[in-house]
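Sequence lines set the chain letters: A, B, ... in the order given, protein chains first and strands last, and positions in each chain run from 1.
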Amino acid sequence: MTSPAPAHPDLYLVDGSGFIFRAFHALPPMTRGDGVPVNAVYGFSNMIYKLLTDFAAAQVAVIFDAKEETFRNKIYPDYKANRDAPPEELVPQFALIRESVHAFCLPCLELEGFEADDLIATYAKQAKARGQKVVIVSSDKDLMQLVGDGVTMWDPIKARSIAEPEVFEKFGVTPDKVVDVQALAGDSVDNVPGVPGIGIKTAAQLINEYGDLETLLARAGEIKQPKRRESLIEHAEKARVSKLLVKLDEAVPVTTPIDELRPREPDSSKLTAYLAKMEFKTLLNRVTTRLREEGQVVEHPDLPVETAAAAARALDPTPEAPVEARYELVQDLPALQRWIARAQRVGVVAFDTETDSLTPCVCGIVGVSLAVAPGEACYIPLCHVNPDAGGLDLDQAAKPQQISLDEFKTAIGPLLTDPSVLKIAHNGKFDLQVLQCLGLDVTPIDDTMLMSYALDGGSHGHGMDELASIHLGLKTTTFAEVCGSGKAQITFDRVPLDRALAYAAEDADVTLRLWQLFKQRLLADHMTTLYETIDRPLLRVVAGMESAGILIDRNALAKMGQKFGERMVQLEAEVQKLAGRPFNLGSPKQLGEVLFDELKLEGGRKLKSGAWTTDASVLDEIEDSHPIIPAIQSWRQLAKLKATYTDALQEEIQQKTGRVHTSYALAATSTGRLSSTEPNLQNIPIRTEEGRQIRTAFIAGPGNVLLSVDYSQIELRIVADIANIQALRDAFTNGDDIHALTASQVFGVPMADMTKDIRARAKAINFGIIYGISAFGLARQLGIPQSEASAYIKAYLERFSELRDYMEETKSFARKHGYVLTLLGRKCHVAGINEKNPARRSFAERQAINGRIQGTAADIMRRAMRNVSRALQRAGSPAQMLLQVHDELVFEVPETHAEATAAIVRTEMERAATLGVPLVAEAGWGKSWADAH
DNA sequence: GTGCTCACG
DNA sequence: GACGTACGTGAGCACT
C-alpha cells in the first residue's frame, strides 16, 4: 500500500464492472489448473480481501452493470456503441467474479436499465443524507462527479485515493462541474458526442469562465475564437444530450434499500472452499492463517493436484526433455468421452479436422484429432472407408470401426462451445467452416497460424510443417507422405487408420506445442493486442465471407467467352498472315523470334534468359512500327480474359451452392494484406472496357444488390499522415484533387492551366512515392528519360520536404531492426536491408518504405472489416460481406437495405483509424459488380 | 518446376 | 560508383 487508507469511512461501494475490465488488462494472463482464465477474478478477490482487512471496511457492497441496455440508449442510441465485445478470456470470468462476491458474503447489486455508476450515485446520495461517509472503489472518471461532501474514491489498481484535488487535476474544475466539462468534451470511449473541437482543457476553461453549461451555451455568441464559437452554437444540442448521458442518476429505484446493506457476516468455510476451487493458493493461505489467528478452527482445503499437474504440462512452453508422443485411436464413444472430459479439465484443447478435399464448403469430414498436452493426442476416425476397397465399394462391413457422425456431434458439441475451454487450431478458418457445415460452432478459438503471422509475418511461411521445423525442430509427416501426390493421390478417408492416427494426432499435438510457444511470445513481443483485436476476430468474419460465396452468371460468362474466342480466331489468322508463317501466338519465345528476328522490328529488349521480351510495355513502344502489333495486343488481351476469367471462373462455380467460394489467405503476404486464391477474386479486370464486362457476371441474388464500398486514396492519405507532409495533409483536409495539386506544386503549373497529361504524370509520381520511388522506375513508367524523372523527384522532395525525412527514418529503422512497423504495430520484415550489393539493398529499402504504407492500409482494412461486421450484426442487418479487394469491400444485400447498409459500412470504414487526414469511403450498388461502381 | 506475362490494388 | 529496379499479390501457359 503506497498511501494511507482513508480513515474508517462507513460505506464502501465497489464498482465491480469497472474493476473487471481494468484488472483483466492490468494483470498478466493467469489460468486455473483446468485452463479457465482467472486473472481478473484473482485481482478482484485480492482487492476485496484487502478492503476487508487492510481497510477494515465494515460495510461493503459490490455493484455491477446489468447486461441489458440502459436508459442512456433511449436518449442516444449510439451510447457505448463503439465498445468492443469483451475478450474471449474475460467472458467466463464475469460469473466467477459474482461467485467471489457471494463467497465473501457481500451484497451483490445490479439493476436492469441502469449502469453500476447510477446505483453507486444513488446509494452515495442516500448515505450522505444520513451523514454516512462513502468510499467509491473505482478509478472510473465518470464517477468523479460524485466526489466531495463526505464522498471520496479509491483507485484499487493504482492504490491511490481520489478527492477534490485529484478531480481538479483531471478535469480542471471542481467535482460539481465535472459533468459540464464532460458534456462539452465528450468521450470517445463511451461514444458521448460532446462538442467537436473541444477537449477537456478548453471545456474546463470555458466552464470556469461562464460558470455552467447552460450559461455558456446561452452566451456562446460572446466567444472570441470564431471556430469555437460556431461549433458551440451549432452543437449546443449535442452538448445537452451529452450532459444527460454523463450525469449519473441519483434516484435509481433500488431494490435493496440502503438499510439492508448490513455489515457482513462472514462464512469462512464458504470463502475457503471458493478460494480452493479457484486455486488461489497464496490468498487461501493468508485467509486461513488469519482465521486461525482469530481463533477459528479451519480446514485447509486441498487443491486438485492431478488437474494442476495436467494443466502445468498443457501450459508449460518449455518441457525439459523431448516429449514422447502417445497417440490413441478413438473408435468408441466411451473413449471419446474420456478425451472430452480431459479437455474440459485442462481447459485447453488443440484440434484438427481431416477432410476429403480442401474446399471447406463442399468437403466431407473424415476425422478429428485432439491434443490436451504435448505428446498426448488422439485421432477420431468418422468417415473412413476400407483402404483396399475399390472406389464403388459400398459394403458397410468393409468399413473400419468408428464412431457415427451423429454420436460424435452430440458428444463434442458442448466442448466446442464451452466458454471455459479454449480450442486451438492451425488455420482455424478452415476447420470453422467444415464444422459449421455440420451445424457445430467453435468458440472461443485461437489460431496458431495467425499467432505466428502476428509474430513473424514476412520472415517465413506459416504452414504447420514449416513452423514445426523452425520452432520445435520436428520433422512432421506431410500430407503427401500419407496420401501420395499427383495422380496417385488418395483422399484421406482411404488412409489406413494407423497411418491416419500418426499423421492427424501429430497435427493436433504440434498445434498445441506451437500455441504454448506463441502465447508467451505474443506477450513478450507486445503483439498480443494486434493478434487479439485484429487478426483473431477476423477469422470468423472471413470464414463467413468464404462460406457465403458470390453468385456468378454462368451463361453470361459462356457467351462472353464464345465472343472472345471468335474474335481471337480472326486475330490469329491476321497475325499469322502478317508474320508470313503459322506459329503459336501464345508462346512468348516464338513471338519474340517472329517480331525481332524475322520481321526485324526495332526496339526489342532481351530477358536475362537471352530470349526476347514481348511484354505489354515493349509492344506499346513499338505499336506504330508494324500493323501486326495492334493485332497481337488485342489477341493477348482476349486470350487473358478468356482463359483466366470467362473459362476458368465457370469451373469454380460449386455445384452444391451454385456460387463461387474464394479462399482468403490471412497469413500469406509480407505486408498484412489478404490474398485470394482458387479463384483469385482480387484481380478481376476493371481497367479496360472489355475486361470490365467480366464484372457484369458477378451478380446479386433475386431481390438483392451488390454493394461496393471503397477507400478513396487510402495509401496516399497514409503517406500524408505518417510523413506529416503539411501540403498534402491540407489538400486532403480540404478535399482537393490530390494529383492536380501535386502537378501544380512539382511542375509549377497553376491549377487553372492543368491538363490531363500533366495530372497523369503527377499521379504516376504519387504512386512512385508509395512504392519507394526511383528515377529508373518512374522513367520507365512514364516513358521519359531517367534524367527527367530525376528532376521530377528532386522537385517533389523540395516541395514536400517532409517526405525525405520520412524515407530516411524508415530506412534507418529497418536497418536497425530488420523490419518496419505499421500503424497498428504489425511488424513487416524486410530481408537484405544491410546487404552490400546495392541492388538488393535498394530493393529492401523500397520494400521498407512501401511496407509501412501498404501495411498500414492493410491494418486499417482489417480493423474496418471487424468493425463493419460487428456493426451490421448489431444493426440486425441482412447484409452479407462477400469480397475484400484491399481497399474495397463487397456486400450482398436486399435492395431495400442497400442505402442503410452503405451508410453503416462507410461510417465504420471511415472511423477505422484516426489519421491526421480524413479517411473517405465511397459506396455504390447495383445488380452486378460492374453496376456497383 | 521455372519463367514469362498479365490481371488487380 | 557499384547494381538492376518501381510495391504487393495469383493464375495460366509454354517449355524444360
Student: Which part of the nucleic acid, if any, lies within contact of A/Arg636, taking any heavy atom under 4.0 Å across all strands shown: a base, the sugar-phosphate backbone alone, or nothing?
Tutor: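 Result for A/Arg636 = sugar-phosphate.
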Student: Please report the distance separating the P of B/dC4 from the corresponding atom of C/dG4, rounded so that it comes out in whole Å.
Tutor: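 Between the two P atoms, the distance is 15 Å.
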Student: Distance under 6.0 Å and angle within 45° of the ring axis: does A/Lys606 meet both against A/Trp612?
Tutor: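 The answer is yes, since A/Lys606 meets both limits relative to A/Trp612.
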Student: Using a 4.0 Å heavy-atom cut-off across all strands, classify A/Leu641 as base, sugar-phosphate, or nothing.
Tutor: nothing
Student: Looking only at side-chain N and O atoms, does A/Arg840 come under 4.0 Å of OP1 or OP2 in C/dG4?
Tutor: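 Checking C/dG4 against A/Arg840, no side-chain N or O comes under 4.0 Å of OP1 or OP2.
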Student: Remember a base hit wins even if backbone is also touched, and classify A/Pro838 as base, sugar-phosphate or nothing at under 4.0 Å, heavy atoms.
Tutor: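 Base: the residue A/Pro838, judged by heavy atoms under 4.0 Å, touches a nucleobase.
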Student: For A/Tyr792 and A/Tyr796, I'd like to know if the aromatic rings sit close, meaning centre-to-centre distance below 6.0 Å.
Tutor: no
Student: Provide, to the nearest angstrom, the distance between the CD atom belonging to A/Glu835 and the C1' atom belonging to C/dG4.
Tutor: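 Atom-to-atom, A/Glu835 to C/dG4, this comes out as 13 Å.
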Student: Separation of A/Lys836 atom NZ from C/dA2 atom C1', in whole Å?
Tutor: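 Checked: the NZ to C1' distance equals 13 Å.
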Student: What does A/Ile849 touch in the nucleic acid at a heavy-atom separation under 4.0 angstrom: a base, only the sugar-phosphate, or nothing?
Tutor: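 The residue A/Ile849 makes no contact with any strand.
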Student: Check whether the side chains of A/Asp620 and A/Gln633 place a donor and an acceptor atom closer than 3.5 Å, and report yes or no.
Tutor: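 Distance-only check passes for A/Asp620 and A/Gln633.
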Student: Using the C1' atoms only, state how far C/dA2 lies from B/dA7, rounded to an integer number of Å.
Tutor: 35 Å
Student: Any donor-acceptor pair under 3.5 Å linking the side-chain atoms of A/Asn834 with those of A/Arg841?
Tutor: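 Per modelled atom types, A/Arg841 and A/Asn834 side chains form no pair under 3.5 Å.
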Student: For nucleotides 6-13 of chain C, just jot down a letter per nucleotide in 5' to 3' order: B, S or -, based on protein non-hydrogen atoms under 4.0 Å.
Tutor: BBBSBSSS
Student: Taking A/Asp447 for the side chain and A/His426 for the main chain, is one N or O donor matched with an acceptor at less than 3.5 Å?
Tutor: no
Student: How far, in whole Å, is C/dA6 from B/dT5 if one measures between their P atoms?
Tutor: 13 Å
Student: In this structure, how many angstroms lie between the P atom of B/dG9 and the CZ atom of A/Arg862, rounded?
Tutor: 19 Å
Student: Select one nucleotide: of B/dC4, B/dG9, B/dT5, the one nearest the side-chain heavy atoms of A/Arg687.
Tutor: B/dG9
Student: Let me know the distance between CD1 of A/Ile718 and P of B/dG9, rounded to the nearest Å.
Tutor: 16 Å
Student: For a quick check under 3.5 Å, do A/Gln854 and A/Thr671 share a side-chain donor-acceptor pair by atom type?
Tutor: yes
Student: Take atom CG of A/Asp887 and atom P of B/dC8, then tell me their distance rounded to the nearest Å.
Tutor: 13 Å
Student: May I have the distance from A/Tyr664 (atom OH) to B/dC8 (atom P), rounded to whole angstrom?
Tutor: 16 Å
Student: Is it true that A/Asn766 and A/His739 share a donor-acceptor pair across their side chains at a distance under 3.5 Å?
Tutor: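 Yes.
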Student: Just call it for A/Gln590: base, sugar-phosphate, or nothing, with non-hydrogen atoms closer than 4.0 Å on any strand.
Tutor: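 Sugar-phosphate contact only.
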Student: To the nearest angstrom, how far is A/Gln786 atom CD from C/dC3 atom C1'?
Tutor: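 So the CD-C1' distance, A/Gln786 to C/dC3, works out to 12 Å.
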Student: Ignoring hydrogens and geometry, is there a side-chain-to-backbone donor-acceptor pair from A/Gln682 to A/Ser676 under 3.5 Å?
Tutor: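 At least one qualifying donor-acceptor pair exists.
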Student: Can you tell me how far P of C/dG4 sits from CD of A/Glu845, to the nearest Å?
Tutor: 16 Å
Student: Using distance alone, with no hydrogens and no angle criterion, decide if A/Thr688 and A/Gln637 have a side-chain donor and acceptor under 3.5 Å apart.
Tutor: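 A donor-acceptor contact under 3.5 Å links the two side chains.
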Student: With pairs defined as Watson-Crick or G-U wobble and both distances under 3.5 angstrom, please note down DNA chain B as a dot-bracket string, | for pairing with another strand.
Tutor: |||||||||
Student: Would you say the side-chain atoms of A/Thr613 and A/Arg605 include a donor-acceptor pair closer than 3.5 Å?
Tutor: no
